[in-house]
Amino acid sequence: DDTLWKGTLDDADAITLHESRVEAIRRLNGSGVVSAICSKNDFETARRKLESLGLWDEFVFPRIAFVPKGAALQALIADMQLKPKNCLFIDDNDINLAEAKAVLPDLHTLDAKSDDCDAFLTPTRCPGGPPPVSGIMRELRYRSATGRRPWDGTASGRERPAGTST
């Protein structure tokens, strides 16, 4: 909400995509840089909206739940076997950005409300291009590892086995 599109999913009004950000995600994915999603929303509502916009398959390791973003990001980065210093978190909420930095001090953050955000995502700053074979293989590995199942919302980031509850 208010990062990839203007508006929120729980509002009755229609949302409006930030087209330049969608283009940046597709351009980066096309060059082997993967994008994940960390959102405080209902998983099924967000998934349906992203699918209707043709964006669901642009993301790996979806973390969509009403949980603190710091813990969700920590689990996401660990599950992707990355280092926070090699990741960028973009959000429109100052509290979420501060929480992310408190939990992951080496994480790069960018305020989605700032002019710097769209300037950073321009093709000259984040160029695309054909992905190297290693980038294609990395994306395939992430897609197979995530299994595209809903995240259980726990701090560990591990999904509950089928038939279990919290």
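Across all non-hydrogen atoms, the minimal contact from V103 to G70 is CG1-O, 3.7 Å. The heavy-atom pair separating I77 from P84 by the smallest distance is CG2-N, 4.0 Å. For D118 against R21, the heavy-atom pair with the smallest separation is OD1-NE, 2.8 Å. Shortest non-hydrogen contact noted between A119 and T122 is O-OG1, 2.9 Å. Here the shortest heavy-atom pairing between C117 and I90 reads SG-CG2, 3.8 Å. Closest approach of D106 to K101, counting heavy atoms only: C-NZ, 4.5 Å.
The side-chain heavy atoms of K113 and D2, taken from C-beta on, include no pair separated by under 4.5 Å. At least one side-chain heavy atom of L55 sits less than 4.5 Å from a side-chain heavy atom of R26. Within the 4.5 Å cutoff, the side chain of L50 has heavy atoms near those of the W5 side chain. Between L88 and T109 there is no side-chain heavy-atom pair separated by less than 4.5 Å.
Annotation: side chain to side chain donor-acceptor pair (under 3.5 Å) contacts of T45 (sequence neighbours excluded): D42.
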- Message: With side chain to side chain donor-acceptor pair (under 3.5 Å) as the criterion, how do T3 and D91 come out once you've worked through the C-alpha distance, each side chain's angles and the decisive distance to 0.1 Å?
- Response: CA-CA 6 Å; T3 299; D91 201 281; 4.8 Å; no
- F89 and H108: CA distance, side-chain angles, deciding distance, side-chain contact (heavy atoms from CB on, under 4.5 Å) verdict: CA-CA 6 Å; F89 173 58; H108 298 275; over 6 Å; no
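Taken from CG in L107 to NZ in K83, the straight-line distance is 14.5 Å, to the nearest 0.5 Å. Considering CG of L104 and CD of E99, their distance stands at 9.5 Å, rounded to 0.5 Å. Atoms NZ and CD, from K49 and E44 in turn, are 14.5 Å apart once rounded to the nearest 0.5 Å. Here the straight-line distance linking atom NZ of K69 with atom CG of N93 works out to 7.5 Å at 0.5 Å rounding.
Only one option out of V22, I15, L53 pairs with L4 in a side chain to side chain contact (heavy atoms under 4.5 Å, CB included); it is V22.
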Output a table of donor-acceptor pairs, distance under 3.5 Å, between side-chain atoms of residues 33-40 and any protein atom two or more places apart or on a different chain; print 'none' if there are none.
{"residue": "S35", "atom": "OG", "partner": "N29", "partner atom": "OD1", "Å": "3.4"}
{"residue": "S39", "atom": "OG", "partner": "N41", "partner atom": "ND2", "Å": "2.9"}

